[in-house]
Amino acid sequence: MSKQPTLIVVVPCYKEELVLVHTTQRLSAILQEMIDTKQIHAQSRILYVNDGSTDQTWPLICQLHQSHPLVAGINLAHNVGHQNALMAGLSAAVEKADLLVTIDADLQDSPEAIQRMVELAKEGKDIIYGVRDGRQSDTWFKRTSAQGFYRFMERLGVQLVYNHSDYRLMTKRATTQLLSYRERNLFLRGIVPQLGYDTACVYYDRTEREAGESKYPLSKMFSFAWDGITSFSVKPIRLLLHVGLLFILIAIGIAIWALYNYSIGHVVQGWTSLILSVWFCTGIILVGMGILGEYIGKIYTEVKDRPRFNIEQELW
Ligand code: UDP
Ligand code: MG
């Protein structure tokens, strides 16, 4: 990497008119200082991605672009959600940049950490995760649910970086590799650790949102978590198979018990056959669904069409 890499900071914005002026001040001060001290190239930029906001966000970005030399912007025709907006920004920026940072517009994740991220990138790391030190600024509910989610994902065998959201730096080659994941159901936090490059973490304190309100209400949080689970794990399908097998085992137990009762004449007419059919049939249906699920899981993996490998280095 050149001594002065070009850095592009990709910032997804959805209805962020209240924070953008302040965000621009803080980010451009940090970038300008790094340019002045020759840590990064003067071509470095802040790239705002307007994710189909219905408020004054885009006119404001245009205005900021006029008045600040470091501000660039792209405008998405409609709202595609945080993860897709990030991908849009990264694909627009990857040709022009050596290093790419993604950060939320509200600057809850301290942008001062960018400087340390750049240093680590210069030392040869390809992916540097921003990891929050604690969750003091979150509500009790968000904290507990988030931690439960990380643990649950771990159980399902999905590799995640604990307490890392989408604040990270990636080199050009890591970003290019990330962009070759063509799937629609994006869960970037799950994909990035799969890229397999050398990584590092930078720790920071997460603060409250400066202004405006969270664009992740509870319902979106759940659907995001559900996306994360179902995009990375076929274990829920396998669970069906296991439950089905369990039902068949129970059916066998009940069969013995029912036949015993039948033999000593302790039953109402028709009960034995009824109870046996209920358990056996449910078991067989569940096993059938589980087997179908295994195939659907395979089809799912195929259609995601993820890259099969990522060559880190070649020596000829
Ligand atoms: N965002 C987006 N599209 C959406 C929702 C959110 O680009 O449909 C952006 C938003 O502008 C912000 C980032 O995603 O920059 C994270 O959103 P927010 O800060 O509201 O989430 P929270 O920090 O509350 O989880
Ligand atoms: Mg936020």
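In listed order, ligands and their atoms are each counted from 1. Everything quoted here is computed from the prediction, not taken from an experiment.
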If we number the atoms of ligand 1 from 1 as shown, the ones under 4.0 Å from a heavy atom of Lys220 are 5 (C), 8 (O)
Report the part of [X] in contact with ligand 1, treating N, CA, C, O as backbone and CB onward as side chain, heavy atoms under 4.0 Å; options are side chain, backbone, both, neither.
X	result
Gln83	neither
Cys13	backbone
Met221	neither

Does any N/O atom on Arg209 come nearer than 3.5 Å to any N/O atom on ligand 1? yes
Consider every N or O of Ala85 and every N or O of ligand 1, then say whether any pair is closer than 3.5 Å. no
Distance to 0.1 Å, residue and atom name: give those for the protein heavy atom nearest to [atom].
atom	answer
atom 22 (P) of ligand 1	Ser214 OG, 3.7 Å
atom 1 (N) of ligand 1	Tyr14 CB, 3.6 Å
atom 10 (C) of ligand 1	Glu16 OE2, 3.2 Å
atom 25 (O) of ligand 1	Lys142 NZ, 3.2 Å
atom 5 (C) of ligand 1	Lys215 CB, 3.7 Å
atom 23 (O) of ligand 1	Gln108 OE1, 2.8 Å
atom 4 (C) of ligand 1	Asp51 OD2, 3.4 Å
atom 19 (O) of ligand 1	Asp106 OD2, 2.6 Å

> Just checking, is any N or O donor in the side chain of Tyr204 or Asp109 under 3.5 Å from an acceptor N or O on the other one?
Replying inline: yes
Would you indicate whether Tyr203, at its atom OH, is surrounded by more than 12 heavy atoms from other residues, nucleotides or ligands within a distance under 6.0 Å? no
- Tell me, yes or no, whether the heavy-atom count around Met289 atom CE, taken from other residues, nucleotides or ligands under 6.0 Å, exceeds 12. no
Min over Asn79, Val80, Asn84, Thr102 of heavy-atom distance to atom 8 (O) of ligand 1 lands on Asn79
Closest to the Mg ion (ligand 2), among the N/O/S atoms of Asp106, is atom OD2
* Asked: Does Arg209 count as lying over the ring of Tyr216, i.e. NZ or CZ under 6.0 Å from the six-ring centre, within 45 degrees of the axis?
  -> no
Practice task
Decide side chain to side chain donor-acceptor pair (under 3.5 Å) for Tyr48 and Thr24; before the verdict, give the C-alpha distance in whole Å, the side-chain angles of both, and the deciding distance to 0.1 Å.
Solution key: CA-CA 10 Å; Tyr48 289 124; Thr24 306; 2.7 Å; yes
